[in-house]
Amino acid sequence: MPNYLVPFASDAGGDCFCIDIREDKFGQVVLFDFEYFDDLSKAIVFLSSSFSDFILNLKKECQDI
């Protein structure tokens, strides 16, 4: 994982939710998909322009048990 991505959580598959700390992308939330670790154009998936927008757009997954 590039050193400009700061992980803060992971999904069930082990991929990481990260905050980008590069000056031109500072604060963006991305998913780092380890399946494509050798191709950053596929591994880094943009999710939100800020952490607060990311949190506000989270949805609860409902499952019938």
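Positions are given from 1, in the same order as the sequence printed here.
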* How far apart are the C-alpha atoms of Ser41 and Tyr36, what are their side-chain angles, what is the distance that settles it, and do they pass the side chain to side chain contact (heavy atoms under 4.5 Å, CB included) test? -> CA-CA 9 Å; Ser41 68; Tyr36 302 107; over 6 Å; no

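Within 6.0 Å of CZ in Phe34 there are more than 12 heavy atoms belonging to other residues, nucleotides or ligands.
Distance CG/Leu58 to OG/Ser48: 9.0 Å, rounded to 0.5 Å. Here the SG-CD1 distance, from Cys16 to Ile44, works out to 12.0 Å after rounding to the nearest 0.5 Å.
Hydrophobic side-chain contacts under 4.5 Å tie Phe46 to no other Ile, Leu, Val, Met, Phe, Trp or Tyr residue.
At a threshold of 4.5 Å between side-chain heavy atoms, the hydrophobic network of Ile, Leu, Val, Met, Phe, Trp and Tyr places Phe17 and Met1 in two separate groups.
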Using distance only, find each side-chain donor-acceptor pair of residues 21-32 under 3.5 Å and give its atom names and separation, not counting sequence neighbours.
from  : atom 1 : to    : atom 2 : distance (Å)
Arg22 : NE     : Asp20 : OD1    : 3.1
Arg22 : NE     : Asp20 : OD2    : 3.2
Arg22 : NH2    : Asp20 : OD2    : 2.6

Side-chain donor-acceptor contacts of residues 2-12 below 3.5 Å, not counting sequence neighbours, with atom names and distances?
from  : atom 1 : to    : atom 2 : distance (Å)
Asp11 : OD1    : Gly13 : N      : 3.0
Asp11 : OD1    : Gly14 : N      : 3.0
Asp11 : OD1    : Asp15 : N      : 2.9

